[in-house]
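First the structure, in the form of structure tokens, and then the observations on it.
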Amino acid sequence: MKLKNKRIVIKLGTSTLAHSTGRLNIRNVTEICRIISDLKNAGNEIIMVSSGAIGMGVGKLNLNKKPDDIPTKQAAAAIGQCELMYVYDKLFGEYSHTVAQLLITGDDLNNEERYGNFKNTVNRLLELSVIPIINENDTIGTDEIVIGDNDTLAAIAATSLDADLLVILSDIEGLYTADPRKDKNAKQIKVIEEITPEIEAIAGTKGTALGTGGMQKKIAAAKIATAAGCDMIIANGRKPKLLYDLADGKQIGSIFLAKKEQ
Ligand code: GLU
């Protein structure tokens, strides 16, 4: 079945957007924006959740690693977020699509009025045929108010906006029985019907050097999404053409199936 008239949330991780230097992965991002434009042209509504602000700030500032201190991290996010939106505006603009930036914190999600405003704005943007691009507002986040990672943010966005599908693009093909970077016998699990304690146990903890995610966060996101009736896919963001396979109705990466209503 082809993807048509669906509401899809696509989350891009830092490892998909940037090289390990923090500089933009031009080939990857160009390809992804082109295919997402096509998914939109085919009649789907697209909402993006994009990481990469801190990573790209690191690249722009020529720092040799992600900073440890909060002010420099937040400064890097402020710089990188501009770069990120500039790139999206430029690439989607080539296909006549308009983008919009939404930066939120955990505090906003806990506040009924602000959460309501967030949803209303995204829904209105979709009616206006715009691509909303969401990130955490890293420049003002502190421990008390952060959501913390964009896998969780993407799952919250997908469920609160009644998306049909959440696609998490990462630096891995999907969920494996063990860490494939360390264990060559690791096998990919293509369909996850239920998130059992065994599934949770095989998810490691570590994200990449510039991002914050990791498989554990993705499983947590899958729990939120599937409980609310939304399928979630983890796929390799370094292979953008997978999005075309998805559009053609093929199975890609690892899919966590939405819980059926009882
Ligand atoms: N909000 C962070 C950024 O844009 C990324 C968080 C994450 O990777 O989960 O750099």
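All values reported here derive from a predicted model rather than from experimental measurement.
Checking side-chain atoms of S254 against main-chain N and O of L175 turns up a donor-acceptor pair under 3.5 Å. Listed for the N62 side chain is no donor-acceptor partner under 3.5 Å among the backbone atoms of V58. Using a distance-only test at 3.5 Å, with no hydrogens or angles considered, a donor-acceptor pair links the side chain of E136 to the main chain of G148. A donor-acceptor pair is defined here as one N or O able to donate and one able to accept, closer than 3.5 Å; no such pair exists between the side chain of E193 and the backbone of L257. Distance alone, capped at 3.5 Å, places no donor-acceptor pair between the T226 side chain and the K259 backbone. Checking side-chain atoms of D138 against main-chain N and O of A77 turns up no donor-acceptor pair under 3.5 Å. Looking only at distances, a side-chain donor or acceptor of D69 sits under 3.5 Å from a matching main-chain atom of T72. A distance-only check finds no donor-acceptor pair linking the side chain of D171 to the backbone of T16 [under 3.5 Å].
With salt bridges taken as basic N to acidic carboxylate O contacts below 4.0 Å, none links E45 and K6.
Summarising the local packing, CD1 of I26 is surrounded by 12 or fewer heavy atoms from other residues, nucleotides or ligands at distances under 6.0 Å. The 12-atom threshold is exceeded at CG of L63, counting heavy atoms of other residues, nucleotides or ligands nearer than 6.0 Å.
Under the 3.5 Å distance criterion, with hydrogens and angles disregarded, no donor-acceptor pair is assigned to the side chains of N137 and T105. Side chains of T196 and E198: a donor on one and an acceptor on the other come within 3.5 Å. Between the side chains of Y95 and N41, no donor-acceptor pair of N or O atoms lies under 3.5 Å. A donor and an acceptor atom, one from each side chain of N135 and Q81, are located under 3.5 Å apart.
By the side chain to side chain contact (heavy atoms under 4.5 Å, CB included) test, I252 pairs with I233, A235, L242, D245, L246, sequence neighbours left out. For the salt bridge (Lys or Arg N to Asp or Glu O under 4.0 Å) test, no residue two or more places apart in sequence or in another chain qualifies with R238.
Cluster membership check: V146 does not share its hydrophobic cluster with Y115, using side-chain heavy-atom separations under 4.5 Å among Ile, Leu, Val, Met, Phe, Trp and Tyr. Connection of V99 to I35 is established within a shared hydrophobic cluster, with ILVMFWY side chains joined at heavy-atom distances below 4.5 Å, either directly or through further cluster members. A single hydrophobic cluster is seen to contain both V9 and L126, as judged by linkage of ILVMFWY side chains at heavy-atom distances under 4.5 Å, directly or through other members. One hydrophobic cluster, built from ILVMFWY side chains closer than 4.5 Å, cannot hold both I140 and L109; they sit in different ones.
Residue pairs that meet the salt bridge (Lys or Arg N to Asp or Glu O under 4.0 Å) test with at least one member in residues 103-127, sequence neighbours left out, are D107-R114, D108-R114, R124-E127.
Checking each of N123, D164, N44 against R7 for a side-chain hydrogen bond (donor to acceptor under 3.5 Å, both in side chains) leaves exactly one that passes, namely N123. When each of K11, K223, K217 is paired with D151, the salt bridge (Lys or Arg N to Asp or Glu O under 4.0 Å) condition holds for K11 and for no other.
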Test salt bridge (charged side-chain N to carboxylate O under 4.0 Å, His left out) on E173 and K239 and set out the steps.
-> CA-CA 9 Å; E173 301 293 332; K239 296 181 183 166; 2.7 Å; yes
